[in-house]
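One structure is given here, and the rest of the page talks about it.
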Amino acid sequence: MARILAIDYGVRRTGIAVTDPLQIIANGLTTVDTKQLLNFLKDYVQREPVERFVVGRPMQTNGRESENLANVRKFVEKLNLAFPSLPVDWWDERFTSVMAHQTMLESGIGKMARRNKALVDEISACIILQGWMERRR
């Protein structure tokens, strides 16, 4: 089986998570400078089989679209051009940053490490992927 790759797109950095090859567990992979994101994905897909992408859809708490959604849509257009054979699914990413911070607290990560925004983005991508996987089951 191929992996599923989740993307928590940000203007500066983007968190990435992937499943294991059997698509059982979501794991944080890394955080990438958004300017390098497409190159990173092209390199990753050459090394690892990927079945689809899951992209976090930024929404406001009231259910309206967030300002960043326009940026994410532009990125998804580029993603579709770069990988025309791979489907892209959307996942509501509301509260993923809050959940990521809570996960960090519960795991005992130190105060300085909790300030690492790149780690928050990676964990958020993992939460997006886990939510998508749970819905699929």
Side-chain angles (χ1 to χ4, degrees):
M1 274 182 135
R3 297 176 189 269
I4 298 167
L5 189 143
I7 299 168
D8 180 28
Y9 184 89
V11 176
R12 289 188 207 118
R13 336 167 269 288
T14 298
I16 300 174
V18 293
T19 64
D20 61 296
L22 297 176
Q23 300 180 5
I24 297 170
I25 299 170
N27 297 295
L29 180 63
T30 191
T31 303
V32 177
D33 182 320
T34 299
K35 292 175 185 173
Q36 301 301 317
L37 181 56
L38 272 177
N39 289 332
F40 174 86
L41 293 173
K42 288 174 184 176
D43 181 57
Y44 186 84
V45 169
Q46 283 183 347
R47 291 181 285 119
E48 294 286 339
V50 172
E51 178 179 307
R52 73 178 53 242
F53 297 107
V54 178
V55 177
R57 182 184 191 102
M59 304 291 285
Q60 295 179 12
T61 55
N62 63 7
R64 292 195 173 129
E65 297 180 352
S66 78
E67 292 178 21
N68 194 36
L69 186 55
N71 295 322
V72 178
R73 283 189 175 129
K74 288 177 189 173
F75 165 72
V76 168
E77 288 175 14
K78 293 176 186 176
L79 189 64
N80 284 325
L81 288 172
F83 304 97
S85 64
L86 295 179
V88 177
D89 291 344
W90 291 90
W91 187 257
D92 185 345
E93 69 173 36
R94 275 181 287 184
F95 308 113
T96 56
S97 293
V98 173
M99 292 168 67
H101 281 287
Q102 186 64 34
T103 300
M104 293 168 77
L105 276 170
E106 291 172 0
S107 69
I109 292 176
K111 189 175 185 177
M112 291 304 289
R114 289 193 310 262
R115 292 182 183 169
N116 181 349
K117 292 180 181 181
L119 182 57
V120 172
D121 293 337
E122 183 179 329
I123 293 171
S124 293
C126 195
I127 292 168
I128 290 166
L129 184 53
Q130 189 66 43
W132 182 91
M133 291 169 60
E134 288 172 8
R135 184 197 70 200
R136 185 180 67 164
R137 291 184 188 130

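Counting from 1, the numbers follow the sequence of the chain as shown. All of these numbers come straight from a predicted model, not from anything done at the bench.
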Residue pair [X] / [Y], side-chain heavy-atom distance below 4.5 Å:
{"X": "W90", "Y": "V54", "answer": "no"}
{"X": "Q130", "Y": "R135", "answer": "no"}
{"X": "V55", "Y": "V72", "answer": "yes"}
{"X": "F83", "Y": "V50", "answer": "no"}
{"X": "V88", "Y": "L79", "answer": "yes"}
{"X": "I128", "Y": "R57", "answer": "no"}
{"X": "F40", "Y": "T30", "answer": "yes"}
{"X": "I16", "Y": "L5", "answer": "yes"}

Within this structure, what is the [atom1]-[atom2] distance for the pair [X] and [Y], rounded to the nearest 0.5 Å?
{"X": "L38", "Y": "T14", "atom1": "CG", "atom2": "OG1", "value": "9.5 Å"}
{"X": "M1", "Y": "D20", "atom1": "CE", "atom2": "CG", "value": "9.5 Å"}
{"X": "D121", "Y": "T31", "atom1": "CG", "atom2": "OG1", "value": "5.5 Å"}

message = Taking P84's backbone N and O only, do any of them form a donor-acceptor pair with N80's side chain (distance below 3.5 Å, no angle check)?
response =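 Judged by distance alone, no pair lies under 3.5 Å.
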
query = Would you say the side-chain atoms of S124 pair up with the backbone N or O of D8, donor to acceptor, closer than 3.5 Å?
reply =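 Side chain of S124 to backbone of D8, a donor-acceptor pair under 3.5 Å: no, none is there.
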
Exercise: identify the closest heavy-atom pair between [X] and [Y]:
{"X": "M59", "Y": "D92", "result": "CG-OD1, 3.8 Å"}
{"X": "I25", "Y": "M133", "result": "N-CE, 3.8 Å"}
{"X": "C126", "Y": "A26", "result": "SG-O, 3.4 Å"}
{"X": "T19", "Y": "L129", "result": "N-CD2, 3.6 Å"}

request  = Provide the full list of salt bridge (Lys or Arg N to Asp or Glu O under 4.0 Å) pairs with a residue in residues 38-50, sequence neighbours left out, each pair given once.
outcome  =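 Checked against salt bridge (Lys or Arg N to Asp or Glu O under 4.0 Å) - neighbours excluded - the pairs reaching residues 38-50 are R3-E48, D43-R47.
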
query = What pairs meet the salt bridge (Lys or Arg N to Asp or Glu O under 4.0 Å) rule with one or both residues in residues 77-89, with sequence neighbours excluded?
reply =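 Found R52-D89.
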
task = Dump the intermediate steps for side chain to side chain contact (heavy atoms under 4.5 Å, CB included) on K35 and R12, then the final yes or no.
result = CA-CA 8 Å; K35 292 175 185 173; R12 289 188 207 118; over 6 Å; no

request  = Answer yes if L37 and L29 sit in the same cluster of Ile, Leu, Val, Met, Phe, Trp and Tyr residues linked by side chain heavy atoms under 4.5 Å apart, and no otherwise.
outcome  =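 L37 and L29: one cluster.
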
key: W91, F53, F75 screened by ring-ring contact (aromatic ring centres under 6.0 Å, His included) with Y9, the one that passes   =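 So, applying the ring-ring contact (aromatic ring centres under 6.0 Å, His included) to Y9 and each of W91, F53, F75, only F75 qualifies.
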
message = Between R13 and E122 (salt bridge meaning N to carboxylate O under 4.0 Å), is one present in this structure?
response =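 Not counted as a salt bridge, because no side-chain N and carboxylate O are separated by less than 4.0 Å.
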
